[in-house]
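Written below as C-alpha cells is the structure these notes are about.
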Number of protein chains: 2
Amino acid sequence: MNVRLMQTNEKIAAVFAATLKLIHTNGFHGTPMSKIAQESDVAIGTIYHYFPSKDDLIFALFKHCRSILNDYIFDGIKEDFDYKASFFHVWRNFVQFYLENGRIFSFFEQFFSSPYYEKNKAEIQEPVGGQNKVLDFLQEGIDKKILKQVNVHLLVASYIGVALSTVHSIKFKDLHFSEQNIKELMEIIWDGAVNRNKNN
Amino acid sequence: MNVRLMQTNEKIAAVFAATLKLIHTNGFHGTPMSKIAQESDVAIGTIYHYFPSKDDLIFALFKHCRSILNDYIFDGIKEDFDYKASFFHVWRNFVQFYLENGRIFSFFEQFFSSPYYEKNKAEIQEPVGGQNKVLDFLQEGIDKKILKQVNVHLLVASYIGVALSTVHSIKFKDLHFSEQNIKELMEIIWDGAVNRNKNN
DNA sequence: CTGCATCAATCGAACGTTCATTCGGTTGCA
DNA sequence: TGCAACCGAATGAACGTTCGATTGATGCAG
C-alpha cells in the first residue's frame, strides 16, 4: 500500500470519503465495513484487498488526512511576513482547515481520544495534526526571544489547545465564526505567548 | 433512576467504576455489557434493571462524572482570594482533577467526540465539564474590567482549551507535570485573558 | 498476430463470533 | 402476599473477515 496509490486509485478515494462521512455522522461505532462498502460502491472484498483489516483502513485514513492538514496549515506564508504575521497566519489556517473539513475534525477527535491512538502512538511518530512543524515554528519564536522563554511544549499546548477548543465551540454553536471573534482570539493567544520583557 | 440512588447503591457504584475502567483501557468499543457485568460482579440482568439500555448507562455515568467535576473545580476558594487568585485556583483545580482522574478524562474525551454527545446535546444543557460555572466566573472578570472586553465564549474556549490540551500533553508524555510548568502555563493564559488597558 | 499463462483487481455470499437485550426464575424484605 | 432487587442462560441481529469465482490487462512463446 503506497502513498501514491492512495491518491490516484479512485476506489480507495471513494472508500476514504465514505468512511469519513460515515464516521462523522455515525461515529466510530455505527460504521461497519458493510456500510462503507455500500456508501462507497466498492465491494467488501475489494476493500479487504487493499486493507488487511478495518484497523488498517482507519490508520491509513488517518495518515492520509494528516498529510492533507500538514500541506494546508503552512501554506500561503509570504516572504515578507514577520514572525507575528506568520504566527497569526498559521493559527488561522489551522482553525480554518478544521472548519472547512468538519469530517476530518470529527474523525481526528474520535481517533485521538480512542485507545486506538494510544496503542499505535509509537508508530504515529508525529503527534496531533502537524504539531511537529508547529513545534519547530514556535521554537523559532522562543529562540528569537519573541515568545516567552519557556518549554516549547507549553506553547504548543496553548496554541493548539485554543484552536481546537475554538473549533469545537463553533461546531457546537457556543460561538459563531466571525472576523471579529477570530481577531480577538488571535490577540488572546498572542498576548499569552509573547515575551513581555522584550515586547514587540 | 434518581441521583441519590446512584451515589448510595453499591451495585450501581460498582457498575460505574467498572465501566469507567473498561472504557479507559478498551475504549467505547471493546466495552460490552458482558464485560461490565464481569468486572463489576453485577449480573447483566441487574444492570438492565437499573438502566434500560447501554446508552442510558453511559449517559447516567456521564452525568455522574460531571457532577463530581463540578464539585471539585470550585472547591477551596477562600474569601480573601482576589480575582486573579481565583482565576489561577480554578484553572489549577481543573487540570488537577483530570490528572487525578485519568479514567474520567478519557471517558469525557471519548464521550464528547462521539456523535452520541451531539445527539443528546439538547438534553445535556450544560456543556463540557462545568463550563457554565466557568462561564459565569469569566463573565464576572469581564464585568469588572479585569479581563479583555470580548465575547465571554472566547475566553471560555481559551481557558478550557489550554487546560484540556495541557492534560492531553501530560497524558501522552510530551510534557511532564511540574510546578514550574503549571506556573508558566497559568501565566500564558492569564496574560492572554487579561485586559491590558486596565492592567492589574 | 495468436494463444496461453499470469496475476492484480474486483466481487459478494457465507461463516463464525460477539454483542445488546430479553425473560423466566429466585430471593428476601415490608 | 407483593414487589423490588437480583440472576444468567438464551436469543437474534449485526459485525469483521474469508474465500472461491470472475474479469481484464500484460507479457511472451510460437
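Each chain gets a letter, A, B and so on, in the order its sequence line appears, and its residues count up from 1.
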Exercise. Counting only side-chain N and O atoms of B/Y50, is one of them less than 4.0 Å from OP1 or OP2 of D/dC6?
Worked result: yes

Exercise. For C/dC11, does OP1 or OP2 lie under 4.0 Å from any side-chain N or O of A/T46?
Worked result: yes

Take the protein atom [atom1] of [X] and the nucleotide atom [atom2] of [N], then report the distance between them rounded to whole Å.
X     : N      : atom1 : atom2 : value
A/E10 : C/dA9  : CD    : P     : 13 Å
A/I47 : D/dC19 : CD1   : C1'   : 16 Å
A/F51 : C/dA9  : CZ    : C1'   : 14 Å
B/Q38 : D/dA9  : CD    : P     : 12 Å
A/D56 : D/dG16 : CG    : C1'   : 13 Å
A/I36 : C/dC11 : CD1   : P     : 15 Å

Apply side-chain hydrogen bond (donor to acceptor under 3.5 Å, both in side chains) to [X] and list each qualifying residue two or more places apart in sequence or on a separate chain.
X      : result
A/D56  : A/S53
B/E140 : B/K144
B/T166 : none
A/N26  : none

For this session: Apply side chain to side chain contact (heavy atoms under 4.5 Å, CB included) to A/K171 and A/Y98, showing your working.
Result: CA-CA 10 Å; A/K171 186 178 169 192; A/Y98 281 130; over 6 Å; no

Exercise. Got a sec, which pairs hit salt bridge (charged side-chain N to carboxylate O under 4.0 Å, His left out) with one end in residues 152-166 of chain B, sequence neighbours left out?
Worked result: none

For this session: Not counting sequence neighbours, list each pair that qualifies as a salt bridge (charged side-chain N to carboxylate O under 4.0 Å, His left out) and has a residue in residues 102-111 of chain B.
Result: none

Problem set entry | Base versus backbone protein contacts along nucleotides 20-30 of chain C [heavy-atom cut-off under 4.0 Å; B, S, -] | SBB--------

Can you give me the N/O atom pairs linking the protein to nucleotides 2-4 of chain D at distances under 3.5 Å, or say none if there are none?
none

Under 3.5 Å, side-chain donor or acceptor atoms of residues 149-163 of chain A against the rest of the protein: list the pairs with distances, not counting sequence neighbours.
{"unit_1": "A/Q149", "atom_1": "NE2", "unit_2": "A/I142", "atom_2": "O", "d": "3.1"}
{"unit_1": "A/Q149", "atom_1": "NE2", "unit_2": "A/L147", "atom_2": "O", "d": "2.9"}
{"unit_1": "A/N151", "atom_1": "OD1", "unit_2": "A/H153", "atom_2": "N", "d": "2.9"}
{"unit_1": "A/N151", "atom_1": "OD1", "unit_2": "A/H153", "atom_2": "ND1", "d": "3.3"}
{"unit_1": "A/H153", "atom_1": "ND1", "unit_2": "B/D174", "atom_2": "O", "d": "3.4"}
{"unit_1": "A/S158", "atom_1": "OG", "unit_2": "A/L154", "atom_2": "O", "d": "2.9"}
{"unit_1": "A/Y159", "atom_1": "OH", "unit_2": "A/F87", "atom_2": "O", "d": "2.7"}
{"unit_1": "A/Y159", "atom_1": "OH", "unit_2": "A/W91", "atom_2": "N", "d": "3.1"}

Atom pairs under 3.5 Å, N or O on each side, protein against nucleotides 21-25 of chain D: can you list them with distances?
none

Exercise. In chain order, what residues pass the salt bridge (charged side-chain N to carboxylate O under 4.0 Å, His left out) check against B/E100, with sequence neighbours excluded?
Worked result: none

Problem set entry | Verdict with reasoning, B/N9 to B/Y50, per side-chain hydrogen bond (donor to acceptor under 3.5 Å, both in side chains) | CA-CA 11 Å; B/N9 185 314; B/Y50 289 107; 2.9 Å; yes

For this session: Any side chain to side chain donor-acceptor pair (under 3.5 Å) involving residues 29-44 of chain A? Give me the pairs, sequence neighbours left out, ordered by first then second residue.
Result: A/K21-A/E39

